[in-house]
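Structure first, commentary second.
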Amino acid sequence: MTCSLCSISIESTLERLEGINRVNVSYSTEKAKLQYDSSKIELDNIKREIELLGFSVRKNEEDSDNGIDPSLIQENKLRNTFIISAVLSSPLILAMILGGLGFCHDYIDPNSTTKIGAFIAYLRWRALILHDWRLQFALATPVQFIIGFRFYKNSFYALRAKVATMDLLVVVGSTTAYFYSLYIVFFQRPSFLYGMRNIYFESSTVIITLVLLGKYLESIAKGKTSKAIKILMGLKVKKARVLRNTVEVDIPIEKLLVGDIVIVRPGEKIPVDGIIIEGTSMVDESMLTGESIPVKKNEKDFVTGASLNKNGTFKFQATKVGDETVLSNIIRMVEEAQESKAPIQKIADKICGYFVPFIFLVAFSTFLVWYFIIYQSQLLDFALINAVSVMVVSCPCALGLATPTAIIVGMGKGAQNGILIKNGEDLEKICKINTIVFDKTGTITIGKPVVTDVIILDKSYGYDKEKIIHIAAVAEKRSEHPIGAAIYENGKEIIDQQEESAVVKSFEAIPGKGIQAVINNKIVLIGTKKLMQENKIDLKNAETTLNSFQEEGKIAVLMAIDNNLISVLALSDKIKDKSKDVVSSLKKMGIEVYILTGDNEKTAFSVANKVGIENVMAEVQPGNKAEVIQKLMDKGNIVAMVGDGINDAPALATANIGFAIGTGTDVAIETGDVILLRDDLSALPLSIKLSKKTMCKIKQNLLWAFIYNLIGIPIAAMGYLNPVLAAGAMGLSSISVLINSLNLKRLKL
């Protein structure tokens with residue numbers, strides 16, 4: 001495609017076909033996304049319609065020809081075509097320059113004996129040769145009809161689709177200059193006007209040459225905008241080391257199966273997603289999350305394909321391979337997002353659709369005014385050339401590129417920092433958010449209880465803190481309850497350090513109350529007040545401590561040994577390290593922050609106070625969370641919901657923007673509009689900053705595109721811009737928009 005109007009012509013043609021439900025054609029990525037009814041129309045018929053418009057169609061999975069990027073092939077073709085066109089056009093440009101400097105005037109003395117005079121005479125002789133119409137005709141014709149054939153072809157197909165494109169402006173402008181020059185040559189005598197022949201072959205060739213240059217530079221810049229996708233693609237591992245029949249074998253990544261045992265050594269990339277079954281290591285996940293600090297991975301921990309194993313060898317079982325891996329899903333989401341259109345782009349596309357007919361009207365009016373009013377039917381040359389300049393300087397490409405290029409770079413920048421925005425419409429909405437609602441568990445907190453306090457109630461029994469943690473962990477080792485698992489995890493390291501492990505003779509889980517175990521012939525009870533009361537254990541020493549923990553919103557667990565109350569263990573869902581800083585950052589942005597949870601008010605307010613949130617909505621049932629979000633939206637707020645669980649999915653879908661934590665459930669991730677790959681919330685304010693900067697770039701691009709045309713068209717219409725300069729200005733406008741969008745890559749998040 002040569003300009004944004006090409007994408008509009010494809011969209012409008014396909015939308016008229018029966019069975020097509022939705023079409024989105026992206027000029028910047030040169031991809032079409034379709035939704036159609038296969039019972040009414042086949043894919044081959046759709047492809048045929050596109051080909052009838054003069055475009056070739058490549059299937060999405062055909063990423064390369066013989067391993068070569070097709071966009072690179074196209075870029076090289078454009079470069080070579082431009083070089084040939086530039087070589088043929090250079091003598092014509094030189095003739096124009098020499099003529100403009102006066103080297104074709106008769107007052108230059110050809111017999112001057114000075115060196116300067118001889119040099120001037122030489123230039124005059126060269127200028128006269130270069131102004132020979134036969135030479136100019138021979139150089140201009142192949143440029144016009146062989147190199148410029150692509151513009152004629154594209155214009156023909158566009159007109160057949162009843163769409164006027166930028167190619168049509170180029171064709172009409174260059175052809176007018178070319179055939180008017182032929183008319184002068186064959187039907188009138190060429191004469192010198194202001195030092196130059198009144199033939200305009202250089203205008204026709206330079207228009208084509210500079211448009212090709214603009215397209216070539218544009219293709220380079222467009223390639224850079226999609227660099228984020230190429231970087232993500234480059235993260236994929238080619239081979240994996242697996243255990244097959246107890247033998248280590250290196251196999252291509254395509255042959256890796258779910259369930260295979262994969263071995264990863266220090267310094268190697270993890271090939272696919274899986275769960276560690278043996279060994280520990282520090283893993284660098286920065287290529288996916290943007291977080292530079294390596295994460296410790298132990299047995300049963302999940303590892304992600306493309307992340308880097310820093311130290312330690314481990315084995316893991318592959319759980320997701322091929323297109324199902326996290327990296328593959330990220331690439332798919334980023335591609336879909338970059339191909340989507342923001343509402344502001346749809347407005348620009350609509351303007352582009354009316355732009356070319358309007359320019360033809362302005363060009364025709366320019367010709368009429370200059371020829372019939374200003375020159376009173378005397379000078380056809382200048383009237384035509386001014387009209388050509390209007391057609392050439394008018395470039396809808398900058399307008400068409402303004403939004404998609406900024407979106408592509410912005411989405412790529414987000415992906416590199418662990419922020420996946422699903423489409424351009426969401427990117428535009430994010431910067432308008434004024435209210436953010438957080439789920440508590442798994443979002444502000446880590447999502448599982450951890451032991452925070454161990455209080456010894458009576459030291460006379462000879463138990464210190466470490467011994468209590470050790471016994472409690474041994475007792476809870478077989479427990480499947482989240483609280484029991486947290487107590488075991490708290491003392492796991494101490495168990496590993498003990499030379500003699502405690503002997504557990506019996507274990508019993510008492511539903512809703514706790515556990516009872518016999519360890520080293522001692523009866524250990526861990527659980528609720530009710531469990532202790534049932535075993536007739538005195539709780540007087542624990543009342544003050546229990547009340548204190550309850551006020552703090554913590555879970556209190558009692559521990560007794562041989563019917564003596566020994567300790568109180570407090571657990572809470574630990575707040576994520578960066579939650580408080582994120583809330584503070586959001587407030588500084590002027591955003592109102594809420595916490596929404598099904599927990600009791602004491603726990604909810606305790607967590608809210610620690611992170612600095614004043615607005616608390618507690619004891620809200622999962623089914624009612626969406627209603628709470630809707631009520632906030634009904635007040636006129638632009639509401640974002642941040643969550644990670646299945647129960648958050650309705651609220652995520654209801655909110656203007658749903659932020660899903662990437663470590664959460666698949667349902668939440670599928671429902672959310674934005675996925676934050678980091679386990680903390682630090683990417684949330686970054687996504688708002690990215691949205692604001694991207695929208696700022698889009699507005700700058702659109703403003704430049706409009707100002708360029710508002711200034712360029714009147715200047716050309718007034719006769720102050722010849723076609724050569726107009727063609728150069730046209731290319732510059734598109735390139736400037738692309739460069740401005742590429743500056744987003746320098747944004748520090």
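Position 1 is the first residue of the sequence, and the numbers go up from there.
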For [X], check side-chain contact (heavy atoms from CB on, under 4.5 Å) against everything at least two apart and list the hits.
| X | answer |
| --- | --- |
| Val258 | Val321 |
| Ala626 | Pro650, Thr654 |
| Gln700 | Cys696, Lys697, Asn740 |
| Lys310 | Met282, Asp284, Pro294, Leu308 |

Kindly write out the residues that satisfy salt bridge (Lys or Arg N to Asp or Glu O under 4.0 Å) with [X], not counting sequence neighbours, or none if the list is empty.
| X | value |
| --- | --- |
| Asp426 | none |
| Asp453 | Lys554 |
| Arg265 | Glu248 |
| Lys440 | Asp599 |

Spell out, as yes or no, whether a donor-acceptor pair under 3.5 Å connects the side chain of [X] to the backbone of [Y].
| X | Y | answer |
| --- | --- | --- |
| Asn24 | Lys33 | no |
| Ser307 | Val303 | no |
| Asp273 | Gly305 | yes |
| Lys576 | Gly442 | yes |

Checklist line | With Ser281 via side chain to side chain donor-acceptor pair (under 3.5 Å) - residues at least two apart | finding: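 With sequence neighbours excluded, Ser281 shows a side chain to side chain donor-acceptor pair (under 3.5 Å) to Asn309, given in chain and number order.
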Note to self: Evaluate Asn701 against Ser741 for side chain to side chain contact (heavy atoms under 4.5 Å, CB included), listing each step before the verdict.
What the structure shows: CA-CA 8 Å; Asn701 289 345; Ser741 296; 2.9 Å; yes
Validation row: [X], [Y] side chains within 4.5 angstrom (heavy atoms):
| X | Y | result |
| --- | --- | --- |
| Ile661 | Leu681 | yes |
| Lys699 | Leu703 | no |
| Ile419 | Leu686 | yes |
| Met633 | Ile638 | no |
| Pro271 | Val262 | yes |
| Val557 | Leu571 | yes |
| Val25 | Val23 | yes |
| Phe438 | Ser579 | no |

Notebook entry, point to check: Given Met617 and Tyr594, is the side chain to side chain contact (heavy atoms under 4.5 Å, CB included) satisfied, shown in steps?
Noted result: CA-CA 7 Å; Met617 295 175 285; Tyr594 288 76; 3.5 Å; yes
Could you tell me the separation between the [atom1] atom of [X] and the [atom2] atom of [Y], rounded to the nearest 0.5 Å?
| X | Y | atom1 | atom2 | answer |
| --- | --- | --- | --- | --- |
| Gln317 | Ile276 | CD | CD1 | 12.5 Å |
| Lys239 | Leu256 | NZ | CG | 13.5 Å |
| Met589 | Ile688 | CE | CD1 | 5.0 Å |
| Ile251 | Asp260 | CD1 | CG | 5.5 Å |
| Leu684 | Ser687 | CG | OG | 5.0 Å |
| Ile436 | Ile657 | CD1 | CD1 | 10.5 Å |

Checklist line | Donor-acceptor side-chain pairing of Ser736 and Trp704 below 3.5 angstrom | finding: yes
Notebook entry, point to check: Does one side chain, of Ser328 or Thr325, offer a donor that lies under 3.5 Å from an acceptor on the other?
Noted result: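 Checked: Ser328/Thr325 side chains pair up, N/O donor to acceptor below 3.5 Å.
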For residues [X] and [Y], report the shortest heavy-atom separation together with the two atoms involved.
| X | Y | result |
| --- | --- | --- |
| Ala640 | Ile433 | CB-CD1, 3.6 Å |
| Ile469 | Gly491 | CG2-CA, 3.6 Å |
| Cys431 | Met695 | SG-CG, 3.7 Å |
| Phe302 | Ile275 | CD1-CG1, 4.3 Å |
| Pro266 | Thr313 | CD-OG1, 3.3 Å |
| Leu744 | Ala406 | CD1-O, 3.6 Å |

Next item on the list: Walk me through it: do Ile253 and Lys238 pass the test side chain to side chain contact (heavy atoms under 4.5 Å, CB included)?
Entry: CA-CA 5 Å; Ile253 197 72; Lys238 306 291 184 187; 5.8 Å; no
Check: Can you pull the salt bridge (Lys or Arg N to Asp or Glu O under 4.0 Å) pairs that have at least one residue in residues 616-634, sequence neighbours excluded?
Finding: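 Salt bridge (Lys or Arg N to Asp or Glu O under 4.0 Å) check on residues 616-634 returns Asp439-Lys625, Lys625-Asp648.
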Check: Which pairs pass salt bridge (Lys or Arg N to Asp or Glu O under 4.0 Å) with one or both residues in residues 299-308, sequence neighbours excluded?
Finding: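 Residue pairs passing salt bridge (Lys or Arg N to Asp or Glu O under 4.0 Å), neighbours aside: none found.
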List the atom pairs, with distances to 0.1 Å, where a side-chain N or O of residues 606-615 and a protein N or O form a donor-acceptor pair under 3.5 Å, not counting sequence neighbours.
{"residue": "Ser606", "atom": "OG", "partner": "Glu552", "partner atom": "O", "Å": "2.6"}
{"residue": "Asn609", "atom": "ND2", "partner": "Phe605", "partner atom": "O", "Å": "3.0"}
{"residue": "Glu614", "atom": "OE1", "partner": "Lys587", "partner atom": "NZ", "Å": "3.0"}
{"residue": "Glu614", "atom": "OE2", "partner": "Lys587", "partner atom": "NZ", "Å": "2.9"}
{"residue": "Asn615", "atom": "ND2", "partner": "Val593", "partner atom": "O", "Å": "3.0"}

Next item on the list: Determine whether more than 12 heavy atoms belonging to other residues, nucleotides or ligands lie under 6.0 Å from atom CD of Gln630.
Entry: yes
Notebook entry, point to check: Taking everything shown except Lys689 itself, do over 12 heavy atoms lie less than 6.0 Å from its NZ?
Noted result: yes
Next item on the list: Using the side chain to side chain contact (heavy atoms under 4.5 Å, CB included) rule, take Leu690 and Lys413 through it: C-alpha gap first, then chi angles, then the decisive distance, then the call.
Entry: CA-CA 8 Å; Leu690 177 65; Lys413 186 72 176 178; 4.1 Å; yes
